[in-house]
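Encoded as structure tokens, the structure appears first; notes follow it.
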Amino acid sequence: MSPKKLTGAEIRETFIDFFVEHGHTAVPSSSLVPGGDATLLFTNSGMVQFKDVFLGTDKRPYKRAVDSQKCMRVAGKHNDLDDVGRDDTHHTFFEMLGNWSFGDYYKKEAIAWAWQLLIDVWGLDKARTWATVFKDDQGNIPSDEEAAEYWRLQPGFQEGHVLYFGRKDNFWEMAETGPCGPCSEIHYDRGLKYCDRQHIEGHVCAVNGDCARFLELWNLVFIQYNRLGPDMLEPLPATHVDTGMGFERIVSVLQDVDSNYKTDLFTESLDVLRSLAGHTEKEMLADFTPYRVICDHTRAAAFLIADGVVPGNVGRNYVARMIIRRAARFGTKIGLTEPFLAKVAESVIETYGGFYPELTKSRTAILDNLTREEIRFARTVETGTAHLQNLLDRLRDTQTSALNGVENLGTLDGHRAFDLYATYGLPFEISRDIAREQGLEVDEEGFKAAMDEHRIASGGGKAMGVIGGEDAEFFAGILKDLQKQKKLGEHGVEYDPYTSPRVEGEVLALVVNGESVASASFGDVVAVILPKTGFYIESGGQVDDTGYIRALIPNPSPERGRESPSPFGRGQGEGESWEIEVTSMRRPSAGVIVHVGEVISGQPKAGGQAVAEVDLARRHDIMRNHTATHLLHAALHQVLGEHARQAGSLVAPDRLRFDFNHPEAMTAEQIERVERIVNDAVAADMEVSPRLKSRADAIAEGAMALFGEKYGETVRTITIAPPLNNTTASQTMELEEAAVHPTAVVEHMSKYSYELCGGTHLDRTSDVGAFLIISEGSAAAGVRRIEAVTGRGAYDLIARRFKTLKQTASALKSSIEEVPFKVAILQDEIADLKKELAALRASQAMSMFTLQLSNVQTVKDVNVMAMDIPNSNADTLRTLADQFREKYPKNGVAVLTSGRTVISVVTEDVVKRGLKAADLIAAIGGRGGGRPNMAQGSLPDGNANEALSKVIKAVEEKLK
Ligand SMILES: [Zn+2]
Ligand SMILES: [Zn+2]
């Protein structure tokens, strides 16, 4: 029997279903971040979430469990990172299948079920399956003959296929003390073609040998002892089972491929990568390492981000940063220079989102974090690797001269490697990759020591410090100092988000961890004060701008630009260059505006010259949404009435959200009309004009002001109006209809929208591109909420919807236009089938009934029928009961059930003998009422068979 061709998802499903059928509770995977275990960086085995159950400090409502656990092994004792990419079997992230018994079943069942699943369900070859059991090499602990015997009892188990191994392979311990016990491993012989050591003289393939022919598939751990000390074991009062099967490995065996990466778990990711790189399959396999690393690391990063671990500088966050950067660097090896990891991650979400819904839920966070980290890395990687190369060259020179040309590994000082990280964000693992490619090493201990020193020096854990807290006085003090030094005027920092997206000036202050500092370094979260800023600060619903502040390097030489060919990074100057990614803006006290961000390269210094640039692509998306918000507001007035006033708003780059007063849900037709009016206003290419006015004038002219918003004496107004000479007659009519105040003076009749607003806007409405409403719902009592997208967001939405539609059409084997028609046909067909099925079931029940009718039991001369008629209603049951009474006009009792419905009939002569229909229903555990000769009632859910089994006895007892 050859293994069945199952997909990875099916293999996971059959594992879980198999154990659920054997009384196990399917338990979801716990997070990659272990809850309440500070000693562990990541969940690294299935045991982690059940550890406390075995230690007896936690109880679960079940005694048998089955799960597929997400695991990460990149740090600490279990560290597989070194091997990832070099071979076909190691992963940073992987899944572990397991079944668990907490003081319930033991070796007998665990072994029998393992055998059944592998051989009967999955179709593995009996003759190739081997088992190992424990035999103490130190002679102190008894051999596990019990497990050996159970293996030999399995049907078809080959003689001699039980092997004995010692403590290293077959004894499991949680820690130096605590629960422990022997284990039994299942190994599978994949055949000689999988041996990768045939060329080595004297090699013999063997279980627990060193070649790839025999694979360990599954480890069954039998916990039966408690270790008190190095030589002290006591038996546990209850015994447990803990099993673990590497998911990727079993998939590779069942799909008969020689690499985990050739299973269908990676097919989609590899396809995406290959089409990006433009490689054929043959070209890909010829240099498979970059593919393996990228697929593995992207999958791991997607799962980490879904569990809330985003790229950062310390601990788990460092791991997320490191694997993303490592994947990006391997991308350059196959010619990928634009951010590409989000595209690979989409396929990960597609492959795994069905079983791990957290991936689908965190889709945006996963894709955004990957791309952001890639862009950050790209900005510094060129310079960082150039510096590293210098260091490695120098190292090799000194090595070769010292060793007279003898090939030897030189080792780069760990502190030097840390400097590369602190300044250019080059993680240790990448420096080591590069060094190893040249036969050199990097000192890991030194790197870690330098990292710890740095962390202590920069204040350790309080990453946000004062930046996130109440710090008005602190910043007011800084402002006073700067004013004393005449570096800031009486109004403080100048604010111009409208005309100055790029500002040059001196770094007036840097604040890290709540303290003013002279300089900051890589990874620091820092607040930066400049004399002037063009970054918008969140107000009126429009979110903060983001962007970059970097060193202003005088007279950059043109050659330098060419030396840095990074396609999406920027050429970095040597020496004093640095860069801060601005992620938010704050105004902690009057006159003080701070840019909050992270140092992504170099060491910015207070007093240095800087240039601050707003991320203009993002800002443009925001402006599209802001102008569209004004158009939407006006359209709502037109469709719903003047009462539909703004009650709240969010203007973000990816969407806009608008809350307004309206007592009821909008109809589909109203939503459609609003969407159309806004899109017409976009197409009309109207002018958007900001003007400063006195508040009194603006209000008198009918500008819409927002309740609850504070306005100064001078206000900014935004007018959206058509160029009059271009307006056609019909447009004019529509625009007049739309005007905010149709009775106002002529000048304002032509205004489409007129609002008080401090936000940033497009010059013309046509820049909105397209406007699509994605939802309308309730925000609060009497307040509705609309969410919409514009421009690029609208395009993305349309593209996604089209893709879904195309997939639907292809699944239905129809054109897109025919989809509704095909679906209607399918629904009709299903309705017909349901009817047919119901009729079939009824006729089946009838024939069963007819058969039973001439075959009833007799109790004290009474003919008794007790029968369940599935999928019937009370009417059918009554009709059948009548048939019973026709056949047995005397001496007859029948109880018929269907679902929870129960009907009983008793012929008159039997009633006289003391048996009433309703009493009979009560006697079998139901509730009901009716006449003495016929009653109807209901049974507790799911108990029909149990109730029917009580009928004979009840009749016997009641009959006189
Ligand atoms: Zn071999
Ligand atoms: Zn506005």
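What you are looking at is a predicted structure, and each value in this text was computed from that prediction instead of being measured. Quick note: numbers below take in every heavy atom, side chains included, and nothing from hydrogens, waters or symmetry partners.
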Quick check against the 3.5 Å criterion: does [X] have a side-chain atom that pairs as donor or acceptor with the backbone of [Y]?
X: S362; Y: A365; answer: no
X: T332; Y: R329; answer: yes
X: T129; Y: D125; answer: yes
X: H187; Y: V207; answer: no
X: Q255; Y: S252; answer: no
X: D87; Y: H90; answer: yes
X: R73; Y: N44; answer: yes
X: R249; Y: L215; answer: no
X: N219; Y: T243; answer: no

Under 3.5 Å, which donor-acceptor pairs link side chains of residues 295-308 to any protein atom two or more places apart or in another chain?
| residue | atom | partner | partner atom | Å |
| --- | --- | --- | --- | --- |
| D296 | OD1 | H91 | ND1 | 3.3 |
| D296 | OD1 | T92 | N | 3.0 |
| D296 | OD2 | T92 | N | 3.4 |
| D296 | OD2 | T92 | OG1 | 2.5 |
| H297 | ND1 | V293 | O | 3.4 |
| H297 | NE2 | R326 | NH1 | 2.9 |
| T298 | OG1 | I294 | O | 2.5 |
| R299 | NH1 | E248 | OE2 | 3.0 |
| R299 | NH1 | Y352 | OH | 2.8 |
| R299 | NH2 | F93 | O | 2.7 |
| R299 | NH2 | E248 | OE2 | 3.3 |
| D307 | OD1 | K70 | NZ | 3.2 |
| D307 | OD2 | S31 | OG | 3.4 |
| D307 | OD2 | L32 | N | 2.7 |
| D307 | OD2 | K70 | NZ | 3.1 |

Side chains of V27 and W100 in contact at under 4.5 Å (non-hydrogen atoms): no
Over all heavy atoms of both residues, which pair between [X] and [Y] is shortest? Give the atoms and the distance, please.
X: W130; Y: G160; value: CZ3-O, 3.7 Å
X: Q49; Y: S30; value: CB-OG, 3.5 Å
X: I186; Y: L118; value: CG2-CD1, 3.7 Å
X: G244; Y: W218; value: O-CD1, 3.3 Å
X: N260; Y: F266; value: O-CD1, 3.4 Å
X: P155; Y: K126; value: O-CE, 3.8 Å

Anything under 30° is parallel, anything over 60° is perpendicular, the rest tilted; go ahead and classify [X] against [Y].
X: F288; Y: Y261; answer: perpendicular
X: F50; Y: F102; answer: tilted
X: W151; Y: W115; answer: perpendicular

Between [X] and [Y], is there a side-chain N and carboxylate O pair less than 4.0 Å apart?
X: K803; Y: E346; answer: no
X: E437; Y: K333; answer: yes
X: R227; Y: E176; answer: no
X: R432; Y: E441; answer: no

Give the intermediate values and the outcome of side-chain hydrogen bond (donor to acceptor under 3.5 Å, both in side chains) for residues T239 and Q224. CA-CA 5 Å; T239 53; Q224 63 190 60; over 6 Å; no
The complete set of salt bridge (Lys or Arg N to Asp or Glu O under 4.0 Å) pairs with one or both residues in residues 213-224, sequence neighbours excluded, reads D189-R213
Check salt bridge (Lys or Arg N to Asp or Glu O under 4.0 Å) between D264 and all other residues, then give those that pass, not counting sequence neighbours.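 Checked D264 against salt bridge (Lys or Arg N to Asp or Glu O under 4.0 Å); zero matches.
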Under 3.5 Å side-chain donor-acceptor pair for Y105 and H240: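 Side-chain D/A pair, Y105 to H240: absent.
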Between the side chains of S347 and S269, is a donor N or O closer than 3.5 angstrom to an acceptor N or O?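 Result is yes, a qualifying pair exists.
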In terms of heavy-atom contacts, does CG of N140 have more than 12 from other residues, nucleotides or ligands at under 6.0 Å? yes
[X]: which residues meet the side chain to side chain contact (heavy atoms under 4.5 Å, CB included) condition with it, sequence neighbours left out?
X: E146; value: K107, D144, Y150
X: K343; value: V272, L276
X: S143; value: K135, E145

Looking at Y194, I'd like to know if the NZ or CZ of R190 sits under 6.0 Å from its six-membered ring centre while staying within 45 degrees of the ring's axis. yes
For F134, does the six-membered ring have the charged nitrogen or CZ of R167 within the cation-pi criterion, i.e. under 6.0 angstrom from the centroid and within 45° of the normal? no
If you measure from CD1 on I334 to CE on M284, what distance do you get to the nearest 0.5 Å? 10.0 Å
